[in-house]
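Right, one structure below, let's go through it.
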Amino acid sequence: MTDNHWKEYIKFCVKLMGYCVYQVSRLLPRSRSKWCFDSLQDFGNTWFLFIDIVENHKDIRAISITQDKSYRDLRRKGFEAYHWLSLKGIYHCMTAGAYIVTINTRQINPYLSGGALYVNLWHGNGLKACVWNSDKSAITMFGKNLEQIASSRYCRISLFYTYFRKPDLALSTSPFLTAKLFAPQYRIACDRFIETNFPRNAVFSWTKERIFDFISRYESPQTLELVRDIIPRYSKTYIYMPTWRDSGSDIFSRSGMDFERLNELLKRNNELFLLKLHPLMKLDHDDMSRYENISVIEQYSDAYTVLPFTDMLITDYSSVYYDYLQLNREMIVFCFDLDEYLSENRELMFDYEEFMPGRRAESFDELLTLLADHTDCHVPERERIMHLFWESYDNGMDIAEEIKTRLSRNYVK
C-alpha cells in the first residue's frame with residue numbers, strides 16, 4: 001500500500017470513528033433553550049440571528065462555537081463563546097438543542113450534533129449551483145459526480161456531514177426558491193422551511209442611528225468611521241462586490257480594471273468607490289492606498305451595515321445582487337468573464353439574462369462609461385425578481401420563534 005493510500009485509509013478510519021460518535025450523540029439529553037451557533041466570522045445570517053436572540057429572546061442561551069481563536073473576540077464583545085475542543089465547548093455541543101449554521105454542522109462540532117435540531121440559514125439567494133445540486137461542483141470538491149457519491153458506502157461515511165446529512169429546518173425567502181432551489185439543494189420537503197427575510201437584511205430597514213449603534217457595539221471602529229464620517233463627504237458612493245471564482249483567477253487583470261482612470265473620474269465628480277472582496281481574494285492594500293477616492297473595506301468587516309449608505313452596487317454573479325434589490329437602488333452587472341466563469345467555476349441554476357436583469361458592462365471601458373455618463377442603472381424588472389426571490393421577505397415572521405416551535409414538536413427535551 002502506498003503512502004497516499006495509507007493516508008486515505010487513516011483519514012477514513014478517523015471519519016468512521018467520528019460517525020460512530022455522532023450516532024451515540026443522538027442519545028444524549030438536550031436542552032431546548034440552549035442553541036449553538038457557528039463562529040459568526042462572516043457576519044452573515046447566523047451573526048444577525050445570534051444578535052437578535054441575545055437581545056430579544058432572553059429565554060434562549062445563545063453560544064458561539066468556534067474552531068479557531070475568534071471566540072476571544074466574541075467574548076470581548078460580551079458574548080458566550082468557546083473553542084469546539086475545549087471542555088465547555090464539548091459539553092455545550094453535547095447538550096444544545098439546536099445547531100444554527102450557515103453551511104453545515106462541520107462549522108460547530110459535527111460529531112456531537114446528533115439529536116440537535118440542525119437549522120441551516122445558508123448565505124444567499126443566487127444563481128450559482130452548489131455541491132448538492134451540481135455534478136461539476138461535486139467533481140471539483142470530491143472528485144466524484146452526484147450519482148457516484150450517492151451510491152458509494154465510502155462517501156456515505158466520509159462525506160456524511162458535507163453531503164448526506166440533511167437539515168431538519170432551513171431558511172428560504174419565497175415559495176419559488178423553496179421549490180426550485182433550496183428543496184432540491186437540501187433534498188428535503190418544502191414543509192421543512194421557514195420562509196421569511198434573511199436576518200442580515202434587517203439592517204436595510206433600520207434608521208441610520210440604529211445602524212451606527214449596532215456597528216459601535218459589535219463591529220470595527222473602521223466600519224463606523226466609514227459610514228458616519230467618510231461616505232457623507234462624497235456626492236455618490238459605489239460599492240463593488242465581486243463573487244469568488246473557484247478557479248482563483250485574478251479578476252482585476254481579467255477585467256482590465258484600471259484604478260488610475262477610475263480614480264481620476266471619481267475625483268472629478270467627488271465620488272467614492274468601495275471595494276469589498278471575498279476573504280480569499282488577494283489585493284495589495286498598501287498599493288491601493290494611493291488612490292484617494294477608492295477605499296478597500298477590511299477583509300473581515302461586514303458589508304451589509306455599509307450597503308444602506310451606498311448609492312450603487314456593482315457585482316457579477318453574486319447573491320448580493322438580490323439582497324440589494326430590497327434597497328431599490330442602482331446596480332450594474334459587471335459580467336466581463338461570463339463564458340470563463342461558466343466553464344471554469346460554477347453552473348447557474350437559473351437563466352442569467354432572465355433572472356439577473358439590469359444594466360450590464362462586459363468590459364472595464366463599458367463600466368467606466370456608465371459611471372462617467374451617470375446612466376440610470378435602476379433595475380427595470382425589479383418587481384418581478386422581488387416577487388420570485390423575496391415574496392416572503394416582509395411577512396414579519398420571527399425566525400427564533402419558528403425554531404422554538406419546531407423544537408417543541410421534535411424529540412429535544
Side-chain angles (χ1 to χ4, degrees), residues 30-38 40 42-64 77-80 96-103 105 107-108 116-125 167-179 181-183 186 188-207 209-211 213-214 217-218 302 304-305 307-308 319 322-323 325-327 386-387 389-413:
R30 295 183 178 271
S31 171
R32 291 180 189 171
S33 60
K34 183 194 294 184
W35 299 359
C36 283
F37 288 74
D38 62 26
L40 311 176
D42 66 350
F43 293 98
N45 287 322
T46 52
W47 167 246
F48 280 91
L49 181 60
F50 180 82
I51 297 294
D52 174 60
I53 288 170
V54 168
E55 293 184 346
N56 302 310
H57 296 269
K58 302 301 182 182
D59 56 323
I60 299 299
R61 184 177 179 182
I63 302 171
S64 176
K77 293 173 181 176
F79 301 126
E80 187 173 7
Y99 273 42
I100 317 293
V101 304
T102 302
I103 299 176
T105 58
Q107 297 171 280
I108 300 178
L117 189 78
Y118 164 24
V119 183
N120 195 313
L121 303 182
W122 202 235
H123 50 76
N125 291 336
D168 301 300
L169 189 61
L171 178 61
S172 177
T173 59
S174 72
F176 170 79
L177 287 181
T178 299
L181 179 66
F182 291 120
Y186 296 128
I188 60 176
C190 293
D191 62 4
R192 284 164 66 172
F193 285 87
I194 300 170
E195 289 179 354
T196 189
N197 202 5
F198 282 151
R200 70 183 181 200
N201 291 353
V203 69
F204 296 159
S205 63
W206 292 356
T207 63
E209 290 71 23
R210 184 176 178 185
I211 298 175
D213 178 65
F214 183 90
R217 283 189 291 157
Y218 301 127
D302 177 24
Y304 276 74
T305 52
L307 288 178
S319 63
Y322 298 97
D323 294 321
L325 284 174
Q326 292 189 20
L327 288 169
M386 282 291 294
H387 176 74
F389 280 68
W390 297 109
E391 184 178 344
S392 306
Y393 89 102
D394 60 351
N395 63 5
M397 184 178 291
D398 189 316
I399 295 175
E401 291 299 331
E402 286 297 310
I403 295 173
K404 292 177 191 177
T405 299
R406 303 294 178 114
L407 274 168
S408 67
R409 295 176 188 169
N410 282 272
Y411 46 84
V412 176
K413 299 177 181 179

Closest approach of [X] to [Y] (non-hydrogen atoms, all atoms of both residues):
X	Y	value
L327	L307	CD1-O, 3.8 Å
Y322	W390	O-NE1, 2.8 Å
D168	A116	OD2-O, 3.6 Å
S319	G124	OG-CA, 3.7 Å
L407	R32	CD1-O, 3.6 Å

Without swapping roles, check the side chain of [X] against the backbone of [Y] for a donor-acceptor pair under 3.5 Å.
X	Y	value
E195	T178	no
T173	Y393	no
R210	S205	no
S31	A96	no

Side chain proximity check, [X] to [Y], heavy atoms < 4.5 angstrom:
X	Y	result
L117	W35	no
N120	T105	no
H57	D398	yes
W122	N45	no
I100	F50	no
P199	D52	no
R200	D323	yes
T46	L40	yes

Test log, rule side-chain contact (heavy atoms from CB on, under 4.5 Å), inputs L121 and F198 = CA-CA 8 Å; L121 303 182; F198 282 151; over 6 Å; no
For [X], check salt bridge (Lys or Arg N to Asp or Glu O under 4.0 Å) against everything at least two apart and list the hits.
X	result
R192	none
D59	K404
K34	none
E55	R217

Would V119 and I399 satisfy side-chain contact (heavy atoms from CB on, under 4.5 Å), going step by step from the backbone distance to the final call?
-> CA-CA 11 Å; V119 183; I399 295 175; 5.9 Å; no
Contacts of type side chain to side chain donor-acceptor pair (under 3.5 Å), residue Q326, not counting sequence neighbours |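 So Q326 forms a side chain to side chain donor-acceptor pair (under 3.5 Å) with N197.
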With F214, which residues qualify under ring-ring contact (aromatic ring centres under 6.0 Å, His included), at least two apart?
->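 Partners of F214 under the ring-ring contact (aromatic ring centres under 6.0 Å, His included) test: F48, W206, Y218.
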Given side-chain contact (heavy atoms from CB on, under 4.5 Å), test I194 with I403 step by step and report yes or no.
-> CA-CA 9 Å; I194 300 170; I403 295 173; 4.3 Å; yes
So how far is it from [X] [atom1] to [Y] [atom2], rounded to the nearest 0.5 Å?
X	Y	atom1	atom2	answer
L169	Y118	CG	OH	11.0 Å
S33	K58	OG	NZ	14.5 Å
T102	W47	OG1	CH2	12.5 Å
E391	T196	CD	OG1	12.0 Å

Just one of S172, S174, C190, P167 clears the side chain to side chain contact (heavy atoms under 4.5 Å, CB included) bar with F182, so which one?
->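 With F182 as partner, side chain to side chain contact (heavy atoms under 4.5 Å, CB included) holds for just one option, S172.
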